[in-house]
Amino acid sequence: MKIFNSEQLRLLDAYTIKEKGIASVDLMERAASVFVEIFSEIFGAEESVRIICGTGNNGGDGLAVARLLHQKGYTVFVDIINGNESADFKINLERLNQQQIPWQYVAELKLAPTDIIIDAIFGFGINRPTTGIYQKTIAAINESKSKVVAIDIPSGLFPDASSENHSIVKATHTISFESPKLAFMMPENDKWVGKLHIAPIGLSEQKKAELKTDYHYTLKADIKPLAREQFGHKGTFGHALLIAGSKGMMGAAVLASKACLRSGVGKITTHIPRDTAQILQISIPEVICQESENKSCFSESWNTDTLQKYDAVGIGPGIGTKNMNGFENFLLNFPTNTPLVIDADAINLLGENPSLLKYLPRNVILTPHPKEFKTLIGQLWENDFEKLELLKGFAIKNGVIICLKGHYTAMALPSGEVHFNSTGNSGMGTAGSGDVLTGIILGFLAQGYSVKEAAIQGVYEHGLAGDRAATKRSERAMIASDIIENFI
Ligand SMILES: Nc1ncnc2c1ncn2[C@@H]1O[C@H](COP(=O)(O)OP(=O)(O)O)[C@@H](O)[C@H]1O
Ligand SMILES: [K+]
C-alpha cells in the first residue's frame, strides 16, 4: 500500500469526486460512516461521546460522525472551535441541526471524566503548530482521563514532517482514512497515535496507481511467497551459510539457524567457533556444523571459491566485534553475486571501519536496530524524520538494502523507496528476535528470493509469526523461540 502525503491526498480526493461523479460531501459521508463502523466495534452505545470539532473538513467529518453515532443510539455532544467554516462543514452543521443534536461553540473546554472524546479539530490540513484556543483545547483533552479517538490523524500532528515540541492530541485510537500517514511510522509519534486503524474510503484506484511516492506500507496483499516445486529437493531449495556465535553467544547461532531451516531452505551450514559444535548439534540436529580454526570466534581467512558454493550467506548474530581481521578478509573475498545478509556485530564492525563499505557485494541486506544504525553511520539524528532521511541516504549511496528494525521496521532500497512493515508487536522486544529475522531472510535469499523480496517478505513474515506467538502466549510471555515455532 502506498503512503501518500497531504498534497497527494487532496489530489486523490478531488480526482475521486470527479471520477465517481459524487459530491465532496458524499466522500465525507463515506469517511464518517467507515469511521463509525470501526468506532462502534471498539465502543458500545452505552458510552457518551464528546466530539470536538474544528471548522475545516476534519471538523466536518466530526459533525457527520456525530449524526451517524446519534442514529446508532449513542449519546453525543458536539463542541466546535469557532473558525473559517469549509463548505462541507457547513452542510454537516445544517444536517446536525435537522437532527437536533446538541452542540456549542466552545471557548474553554470542560470535560466530564466519563466521556469518550472524538478528536476532529484538525486533519491533514494542519500547516502550522497549534496555538491559542487550539493549544488550550488540546491540553484539556490530554489532561482528561478520557479515551480519545482521532479522526484521520491526531490534531496538531503534521502528517509529513516532524512535529517535535508541538501541542498534539494524545489519541488512544486513530482511525485514518485510506492509507497511513508517514508521521504514523515514526517511533516519536507513537505517544500521539495510539492504536492505528486504516479505514478504506474508496479513493480512486487509478489515481492511486499513478501517484508516485517513495513510501510504502507492506500488507498481506504485497506478500508473494515463492512456489515450492513439487519435484524440488534439499539440493534445489538452497544451501545457506551462516556465520554466527561466539563464546557465550551460541544461542544467536542456534536461533538464526533454526529460523533459517523453518523458512524453507534446503540446507544450512553454520560456521561457529572451534569446539562449540555440540551446542548447535544438540539444539538442532538438522544443521551442518562448520567449526572455525578460532576457539572464540569465526575464521580469519576466507576464500572466494568456498563462499561461492553457497546460495546465500549471513553474518553477524552473536559474532562479537573482536575479529576485524577475519571480517575484512571475509568481505574482500566475498563473491560479487552471492546474496548476503549482514546483522548485529557484523554491522558494528562495518561501523568501526567504514572503508569496508566499498567492498559490499551487489546483493546485500543490512538489518540494524537503531543503536547499530547509529554506529554504522557514526552520527545521531534530531528526530525520526531526519533518521529516515539518513536511512534513505545510506541505501542510495551504498547501493544496499537496509532494514531499520523496530515497530514498523523501515526498509530502505537503493532506489530511494522505503517500505514500512505492518506486522509485529512489542512481544518481539525480547533477546534473540533479531537473530530469528536474520535466519528467515537468509533462508529466503538461499531459496531464490531477490534481495528486495527477501527483505520485505522476510520482515513481514517474521512479524506475522511474532503476532501468532503473541496470540498463543501473550506479548509479555513470548520469547524469540516462539517466533520460530509460529513461522508457518
Ligand atoms: N514493538 C515491536 N513491534 C514490532 N516488532 C518489534 C518490536 N520490538 C522488536 N521488534 C522486532 O524484533 C526484532 C528485534 O531485533 P534486535 O533488536 O536485533 O534483537 P536481538 O539483538 O535481541 O536479536 C526486530 O526484528 C524488531 O523489528
Ligand atoms: K483529528
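Keep in mind that the numbers below use all heavy atoms, side chains included, and drop hydrogens, waters and symmetry copies. Indexing begins at 1, ligand by ligand and atom by atom, following the structure's order.
Ring-plane geometry between Phe35 and Phe39 is classed as parallel, the angle between the planes falling under 30 degrees on a 0 to 90 degree scale with a further cut at 60.
None of the N, O or S atoms belonging to Gly123 lies under 3.4 Å away from the K ion (ligand 2). In summary, Val169 places no N/O/S atom under 3.4 Å from the K ion (ligand 2), failing the contact criterion.
Heavy-atom proximity to Gly429, at under 4.0 Å, picks out these atoms of ligand 1: 8 (N), 9 (C). Taking a cut-off of under 4.0 Å to the non-hydrogen atoms of Asp435, the atoms of ligand 1 that pass are 23 (O). Short contacts between ligand 1 and Ser426, defined as distances under 4.0 Å to a heavy atom of the residue, involve ligand atoms 1 (N), 2 (C), 3 (N). Each of the following atoms of ligand 1 lies closer than 4.0 Å to a heavy atom of Thr409: 27 (O). Contact atoms of ligand 1 toward Gly432: 20 (P), 22 (O), 23 (O) (distance under 4.0 Å to a heavy atom of the residue). Near Ala431, with a cut-off below 4.0 Å to any heavy atom, the atoms of ligand 1 are 22 (O).
Using modelled atom types, one finds no donor on one side chain facing an acceptor on the other under 3.5 Å when comparing Asp467 with Thr423. Side-chain contact annotation: Ser6 with Asp160, donor-acceptor N/O pair under 3.5 Å present. Asp115 and Ser146 are not linked by any side-chain donor-acceptor pair at a separation below 3.5 angstrom, with hydrogens and angles left out of the test.
A salt bridge links Lys387 to Asp384: at least one charged side-chain nitrogen sits closer than 4.0 Å to a carboxylate oxygen.
When hydrogens are left out, the protein atom nearest atom 3 (N) of ligand 1 is His407 ND1, 2.8 Å; that is the closest non-hydrogen contact. Among all non-hydrogen protein atoms, the one lying nearest atom 13 (C) of ligand 1 is Ser433 CB, 3.5 Å. The protein heavy atom nearest to atom 23 (O) of ligand 1 is Gly434 N, 2.7 Å.
In terms of polar-atom proximity, defined here as any N/O pair under 3.5 Å, Asn425 does make such a contact with ligand 1. Considering backbone and side-chain atoms together, Met428 places an N or O closer than 3.5 Å to an N or O of ligand 1. Between His369 and ligand 1, no N or O atom pair is found at a separation short of 3.5 Å.
The K ion (ligand 2) forms the vertex of an angle spanning OG of Ser155 and O of Phe122; to the nearest 10 degrees it equals 70°.
Ligand 1 does not have Gly463 within reach: every non-hydrogen atom of the residue lies 4.0 Å or more from it.
In this comparison of Gly406, Pro187, Pro368, Cys403, the heavy atom closest to atom 26 (C) of ligand 1 sits on Gly406.
Lys392 pairs by the salt bridge (Lys or Arg N to Asp or Glu O under 4.0 Å) definition with Asp214, not counting sequence neighbours. Listed by chain and residue number, Asp345, Asn348, Leu349, Glu352 satisfy the side chain to side chain contact (heavy atoms under 4.5 Å, CB included) test with Thr321 (two or more places apart in sequence, or in another chain).
Annotation for Ser246 and Ser296: closest pair CB-O, 3.3 Å, computed over non-hydrogen atoms.
Of all N/O/S atoms in Asp119, O sits nearest the K ion (ligand 2).
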